[in-house]
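Notes follow the structure.
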Amino acid sequence: MLDLRRIRSEPDAVRAGLSRRGADLAPLDRVLELDGSLRTLTTERDDIRARVNATSKQIGELFKAGERDEAEILKGESKALGDREKELAAETDAVDAEIRDALLRIPNLPSPDAPDGLSEDDNVVLRTHGADPSSFAEHQRVPHWDIGTELGIIDGERAVKISGSMFTMYRGWGARLLRAMIGHSLDSSADPSLGPAGGGAWEEIRPPTLVKTETMIGTGHLPKFEEEAYHVAKDDLWTIPTAEVPLTSMAAGEILDHDDLPMRFTAYTSCFRREAGAAGRDTRGLLRSHEFDKVELMGYADGEEMAIALQEEVLARSERLLQELGLSYRILDLCAGDLGGSAARTWDIEAYAPGVDDWLEVSSVSWFADYQARRADVRWKKAGEKGTQICHTVNGSAMGWPRTVAAVLETHRQADGSIAIPEVLQPRLGGATHIPAPE
RNA sequence: GGAGGGAUGCCAGAGCGGACGAAUGGAACGGUCUUGAAAACCGUCGAGCCCCUCGCGGGUUCCGUGGGUUCGAAUCCCACUCCCUCCGCCA
């Protein structure tokens, strides 16, 4: 949510920012239109309220002094004022609700640093790392779903039998490989020495995966993406589409101590997506499923400078992971028009998967400025100082794992059909160096 | 699932129709004292919104949430949520 005062004081700048991402400007105009009348109404109501309060106090004193008649007269006056106040309150509440509703539908302002452009074609490749896509050998050009079947480590058919299309099942080495990657990622996040200089340790969290409606609203996943989430009707709970949801809401409604910032959290969870708009797309293999594993990094900061440092820290950690896994990847700077509604700046990481010959989005690292924190009401305060400020939030995947598994299987497939296990994962797999070739 | 009890400021905890934005204690912060520290003492010490003659003003809202009663609600009534205790069930 944008700051109403900013919209009021610099409407043109806000309009220009929203235009950069091609956003609908109608809600903004509506807010500007209603804001003036809201303030008039509020002032008038507060004024009447003040008179009621003063009169009531007087009535109390008169009763004590035994001047009942005087008191009765004032009672009548106060009652009339009270009725007027009720009318004004109803009006004010209605206008206020409408402003809030419009405000929730205005996306975040893109960072001035986000590249211009309105579609994904305008995203900028910041850098590419690792082997060139054209340099992969013939034995690496096998899609991971074929590898998975060949080695018996991915069992799509059984997953479909149990849960339907777009569900995945890992078996044996596949399940162990996945678990090793998750474990490695969580453990390395806890180690400051594995991040960039000036960074810190990320506290591991294991949050609930079912959350309340208001928790989903906090991050901006509701009401806009209602179709994307699974809803448990009986208890009115939602399955989380990403750990960003519970992590960002951890401090909802709280005032954080400035000394504790930045706060860094990491969590591994299942993520659930109905993929309502993508039915029938990427249904093979691991590219898109209703339930998948992801490790997330999420941080709270006191403002832009600290937040961007965190964002860079997340990116650096994600890159390091991909390097350790021996994958080729590239970093995209999303253009203003391709940013998610809550984000001010986003860097996507795409890993190259030679078997499907495509760049797979495995991570998305975003800075939200104070947009989410204002929605979820997360503030900070310096001890001993007056006033509070809205936090900034940052989050990024330290990998969406299914696509990373796909890229690892395809990249590390050997001529004999075995899969070379990246060195960092070997200790977690009993020291094994390969997933054995099919017999 | 059944039966009780509870929700107040950073924390603990009083208040149970008018003088309450809220006693008291602790924490924190500033100061006095001290070579320094502790102790003691003094002071400060929640947040949101609005207004203006922009002053270290004024008004207003907030005592779990939402309604209601009343001239007036932290205090009374209703609903909801959450927490605790006991019983039941249970990985």
Side-chain angles (χ1 to χ4, degrees), chain A residues 1-9 31-32 34-104 206-218 232-238 246 249-261 263 270 300 302 370 373-391:
Chain A
M1 190 159 74
L2 295 180
D3 183 3
L4 182 56
R5 274 168 296 193
R6 180 158 179 205
I7 291 177
R8 187 186 296 150
S9 63
V31 166
L32 285 166
L34 291 172
D35 180 49
S37 50
L38 178 70
R39 280 188 294 162
T40 313
L41 283 168
T42 305
T43 306
E44 196 180 337
R45 178 172 69 154
D46 283 359
D47 207 50
I48 291 183
R49 205 53 243 192
R51 285 163 67 190
V52 170
N53 286 343
T55 313
S56 295
K57 198 171 269 186
Q58 251 183 298
I59 293 170
E61 280 158 14
L62 287 172
F63 268 120
K64 250 165 226 152
E67 300 185 40
R68 296 201 136 272
D69 296 346
E70 278 292 309
E72 288 300 332
I73 292 167
L74 283 181
K75 254 194 188 184
E77 278 178 29
S78 185
K79 173 98 177 134
L81 281 171
D83 291 344
R84 173 70 185 136
E85 194 240 322
K86 278 207 178 76
E87 284 172 36
L88 281 169
E91 252 182 280
T92 312
D93 289 348
V95 173
D96 195 53
E98 205 181 328
I99 288 181
R100 189 175 162 80
D101 183 63
L103 228 37
L104 284 177
R206 204 314 178 181
T209 33
L210 291 176
V211 298
K212 296 193 276 191
T213 298
E214 61 185 84
T215 307
M216 290 284 277
I217 289 175
V232 183
K234 198 165 186 177
D235 295 296
D236 192 22
L237 291 168
W238 302 80
S249 288
M250 279 213 307
E254 295 185 24
I255 298 172
L256 306 175
D257 187 335
H258 185 263
D259 291 343
D260 294 334
L261 295 174
M263 288 169 88
S270 263
Y300 296 105
D302 67 0
D370 60 4
R374 181 172 290 107
R375 244 172 129 114
D377 189 24
V378 185
R379 289 167 290 167
W380 60 265
K381 181 181 156 89
K382 270 190 182 152
E385 283 185 18
K386 267 199 163 312
T388 56
Q389 301 213 44
I390 315 266
C391 285

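Worth knowing before you read on, the calculation uses all heavy atoms, side chains too, and leaves out hydrogens, waters and symmetry mates. Note that the coordinates shown come from a computational prediction; the quantities given were computed from them, not determined experimentally.
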* Whether A:Arg374 side chain and A:Met1 backbone form a donor-acceptor pair below 3.5 Å -> yes
* Could you tell me whether A:Arg8 atom CZ has more than 12 heavy atoms of other residues or ligands within 6.0 Å of it? => yes
* A:Asp69 atom CG: more than 12 heavy-atom contacts under 6.0 Å -> no
Atom [atom1], compared across [N] and [M]: separation rounded to whole Å:
| N | M | atom1 | result |
| --- | --- | --- | --- |
| B:C77 | B:C16 | P | 15 Å |
| B:G21 | B:U75 | C1' | 15 Å |
| B:A19 | B:U34 | P | 45 Å |

* For A:Phe63 and for A:Arg5, find the nucleotide of RNA chain B with the closest heavy atom, then tell me which residue's nucleotide is more 5'. => A:Phe63
* **Consecutive Watson-Crick or G-U pairs in runs of at least 3, all under 3.5 Å, in which RNA chain B is involved** => B:1-7 with B:81-87, B:10-12 with B:24-26, B:28-32 with B:40-44, B:46-51 with B:57-62, B:64-68 with B:76-80
* Asked: What integer distance in Å separates A:Leu62:CG from B:G72:P?
  -> 16 Å
* Asked: A:Asp377 CG to B:G46 C1': how many Å, rounded?
  -> 13 Å
* Structure fact -> What residues 42-57 of chain A contributes to the RNA chain B interface at heavy-atom separation below 4.0 Å is A:Thr43, A:Asp46, A:Arg49, A:Ala50, A:Asn53, A:Ser56
* To do: Mind listing the residues from residues 82-101 of chain A sitting with a heavy atom below 4.0 Å of RNA chain B? Number order is fine.
  => none
* What pairs meet the salt bridge (Lys or Arg N to Asp or Glu O under 4.0 Å) rule with one or both residues in residues 46-63 of chain A, with sequence neighbours excluded? -> A:Arg49-A:Glu85
* Structure fact -> Given the options A:Val95, A:Leu4, A:Ile7, A:Asp35 meets side chain to side chain contact (heavy atoms under 4.5 Å, CB included) only with A:Leu4
* Contacts of type side chain to side chain donor-acceptor pair (under 3.5 Å), residue A:Glu87, not counting sequence neighbours -> A:Arg84
* Asked: So how far is it from A:Leu261 CG to A:Met263 CE, rounded to the nearest 0.5 Å?
  -> 7.0 Å
* Can you list the residues that meet the side-chain contact (heavy atoms from CB on, under 4.5 Å) rule with A:Arg206, with sequence neighbours excluded? -> A:Thr209
* Asked: When we call it a touch if two heavy atoms are under 4.0 Å apart, what does A:Arg8 touch: a base, just sugar-phosphate, or nothing?
  -> sugar-phosphate
* To do: Check every strand shown and say whether A:Ile59 touches a base, only sugar-phosphate, or nothing at a heavy-atom separation below 4.0 Å.
  => base
